[in-house]
Amino acid sequence: MADIVRRSRLRPPSLRRSANMLAAFMTASALLLATPGAAAASTKPASAKTSSAKAKAAHSRPAAREAKARTKKAAAADARTAAAKGTPRNKAAAASSAAAIQQASSAEARLIAVYELFGRGQARPALAKARDLVRDYPNFQLAQLVYADLLATQVPPAHAFSDATGIARLRSDPAMADLREESRRRLQALRDRPPAGTVPSQFLALSTRSRYAIAVDASRSRLYLLENSDKGLQLVADYYVSVGKSGIGKATEGDARTPLGVYYVTSSLDPKSLRDFYGAGALPINYPNPYDVRRGKTGSGIWLHGTPPQQFSRAPLASDGCVVMANPDLKQLLRKVQIGATPVVTAPSLQWISRPQAEKEAQTFTSAISAWKDARANGNEAQLKKFYLPDFQRNSKKNIDGFSVLHDEVEYAQGKRVQFKDMSFLHWRDGDDTMVATFGEVFEGEKSGRTRRQYWLRQGSEWKLFHEEILG
């Protein structure tokens, strides 16, 4: 398809000769499916010409004025319809979304601009922008399809839909269906913006040591990048992504599903050490995490990575379980990520909650972890044991009964007062209710101490520890 479109661009197309093929592209359109209101708007010029011709035939100025008014009214209605279906509901949201997408990916922002121009009935300016876009990103297959769609709008109606076999073939082509779905999901990301001042429900508290946080919404094929500053977490960019070809909810090695849960970036792989298939680089995450292991999940090698040179982006469901991004987007992400400190949430569908609500939910867990700290400081092993599940593990050591973790904790604390600092609470709820808590601790009279990452499970109204990692 890309070659066909490029040939059409390099040699100014004979629209009559290529009408069948272009008309077939239009029936498989990403543009019209994605912006249904735009279809009506795109017919405005033809309607205007028809109305004008009727006015001339009547040789009546009042009739011409009346026709012109009707056309103007219809065009305005079409534009409103397109705007309502193709853009966020209010100006503030529109400004916010445009800013985020612009920062995320200039290619996607330019594609959205093409959609918006077409939605306002400005087919020729849209065509010009689409032509520039495929010139700059010739491997952007969806942009090529949209460009073909726009060329098809130039085909006279008499030549449209005459190749029934070709149309049927294109409609049933899985690659075309993938592009339409990619288009739908990109537009959905523009329409359904996270409410201002909200955060993903997993991020209850985040230490300032984590400058950025990542949240993947599989239902929207979207990766959201949030910056953590003294103003709290704020959405700064979002990107189109692909997930596993078999969907989400990874359970076993080789099931081609993307895992769901809360993770951390563990390293950054130099693209020079990777095959071209992975594009601009790769960011492995710590799948399976201790909660995954507890539930018997298997597999490894889940990365955030790029695309091969000939491919700008992949279909929404296309990887073996990794999260795949366009290379320009991944390069932006690589500059932000902190190894070991950037959390990555992968969710079926993100729930966005207000910061006060996140703080309120974090407070209930803060009470539990403070009680654990007090029990340890009191030196009462029986009281401390209530906070541990019988199969608790620390790093690779087995359960609490198999080694003296309680004695070690009491011995380590020695009844000293301790302060927790740099606390992060990541909440994950599916069949169970779990919390990943990362924090540093400094005993009275000391300048530094351990950094711990603990995995907690709620049982009834109580939180219990089932795994701990000493990070340093």
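Start at 1 with the first residue, then count along the sequence.
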> Does any non-hydrogen side-chain atom of V265 lie less than 4.5 Å from one of Q338?
Replying inline: no
> When you measure from the side chain of Y287 to the backbone N and O of P284, does any donor-acceptor pair fall under 3.5 Å?
Replying inline: no
> Is the backbone N or O of G321 less than 3.5 Å from a side-chain atom of T258, with the two atoms forming a donor-acceptor pair by type?
Replying inline: yes
> Do D430 and W428 get their side chains close enough for a donor-acceptor pair, meaning under 3.5 Å?
Replying inline: yes
> So, E381 and K385, do they make that salt bridge, N to O below 4.0 Å?
Replying inline: no
> Are R186 and L111 side-chain neighbours, meaning at least one heavy-atom pair lies under 4.5 Å?
Replying inline: yes
>> Measuring only between side-chain heavy atoms, which start at C-beta, is S207 closer than 4.5 Å to F439?
In response: no
> Are I112 and E108 close enough that some pair of their side-chain heavy atoms sits under 4.5 Å apart?
Replying inline: yes
> Is the closest basic N to carboxylate O distance between K250 and D292 below 4.0 Å?
Replying inline: no
>> Has T364 got a side-chain atom pairing as donor or acceptor with K360's backbone, closer than 3.5 angstrom?
In response: no
> Picking from R417, R450, R376, what satisfies salt bridge (Lys or Arg N to Asp or Glu O under 4.0 Å) with E441?
Replying inline: R376
> Is any NZ, NE, NH1 or NH2 atom of the basic residue among D132 and R135 found under 4.0 Å from an Asp or Glu carboxylate oxygen of the other?
Replying inline: yes
> Is the shortest distance from a Lys or Arg side-chain nitrogen in R394 or E409 to a carboxylate oxygen in the other one below 4.0 Å?
Replying inline: yes
> Looking at E181 and R220, does any basic side-chain N land under 4.0 Å from a carboxylate oxygen?
Replying inline: no
> Is a donor on one side and an acceptor on the other found under 3.5 Å between the side chain of S242 and the backbone of R314?
Replying inline: yes
> Is it true that E462 and K464 have a side-chain N and a carboxylate O under 4.0 angstrom from each other?
Replying inline: yes
> How long is the gap from CG on N228 to OG on S210, to the nearest 0.5 Å?
Replying inline: 7.0 Å
> Side-chain donor-acceptor pair under 3.5 Å between R257 and S246, yes or no?
Replying inline: no
> Does the N286 side chain pair with the main chain of N289, one donor and one acceptor, at a distance under 3.5 Å?
Replying inline: no
> Quick one: is the NZ or CZ of R295 closer than 6.0 Å to the six-membered ring centre of Y291, and within 45° of its axis?
Replying inline: yes
> So, R355 side chain and L204 main chain: donor-acceptor pair closer than 3.5 Å or not?
Replying inline: no
> What is the distance from atom CG of L283 to atom OG1 of T342, rounded to the nearest 0.5 Å?
Replying inline: 8.5 Å
> Side chain of S354, backbone of Q357: donor and acceptor closer than 3.5 Å?
Replying inline: yes
>> Before you tell me yes or no, could you show the steps for L235 and L225 under side-chain contact (heavy atoms from CB on, under 4.5 Å), namely the whole-Å CA-CA distance, both residues' side-chain angles and the distance that decides it to 0.1 Å?
In response: CA-CA 6 Å; L235 176 65; L225 178 66; 5.7 Å; no
> So how far is it from L274 CG to L269 CG, rounded to the nearest 0.5 Å?
Replying inline: 5.5 Å
> Can you tell me if R185 and S221 form a side-chain donor-acceptor pair at under 3.5 Å?
Replying inline: yes
> Per the side-chain hydrogen bond (donor to acceptor under 3.5 Å, both in side chains) rule, which among H467, E468, E469 passes with Q454?
Replying inline: E468
> Aromatic rings H305 and Y278: how do their planes relate, parallel, tilted or perpendicular, breaks at 30° and 60°?
Replying inline: perpendicular
>> Is a donor from one side chain sitting under 3.5 angstrom from an acceptor on the other, for Q332 and Y239?
In response: yes
> Do D217 and S219 have side-chain atoms, one donor and one acceptor, less than 3.5 Å apart?
Replying inline: yes
> Below 4.0 angstrom, N of the basic side chain to O of the carboxylate: do E227 and R211 qualify?
Replying inline: yes
>> Main chain of A315, side chain of D178: is a donor-acceptor contact present, judged purely on distance under 3.5 Å?
In response: no
> Between S313 and Y137, do the side chains contain an N or O donor and an N or O acceptor separated by less than 3.5 Å?
Replying inline: no
> Between S183 and Y115, is a side chain to side chain donor-acceptor pair (under 3.5 Å) present by the stated rule, with each step listed?
Replying inline: CA-CA 10 Å; S183 177; Y115 283 140; 2.6 Å; yes
>> Ring-plane angle category for H427 and W463, please: parallel below 30°, perpendicular beyond 60°, tilted otherwise.
In response: perpendicular
>> Looking at N327 and T307, would you say the former's side chain and the latter's main chain have a donor-acceptor pair under 3.5 Å?
In response: yes
> How far does CE of M423 sit from OG1 of T438, to the nearest 0.5 angstrom?
Replying inline: 9.5 Å
> Is R222 salt-bridged to D238, cutoff N-O under 4.0 Å?
Replying inline: yes
> With distance as the sole test, does Y224 use its side chain to make a donor-acceptor pair with the main-chain N or O of L350 at under 3.5 Å?
Replying inline: no
>> For F466 together with F392, are the ring centres under 6.0 Å from each other?
In response: no
>> Working to the nearest 0.5 angstrom, can you tell me the gap between L127 CG and L117 CG?
In response: 11.0 Å
> Can you check ring pair (Phe, Tyr, Trp, His ring centres under 6.0 Å) on F365 and F425, steps first, answer last?
Replying inline: CA-CA 8 Å; F365 180 74; F425 299 154; 4.9 Å; yes
>> Test side chain to side chain donor-acceptor pair (under 3.5 Å) on W372 and Y388; report intermediate values, then the result.
In response: CA-CA 10 Å; W372 169 80; Y388 292 83; 3.1 Å; yes
> Can you tell me how far CZ of R294 sits from CG of D432, rounded to the nearest 0.5 angstrom?
Replying inline: 7.5 Å
> Does K245 pair with D320 as a salt bridge, N-O distance under 4.0 Å?
Replying inline: yes
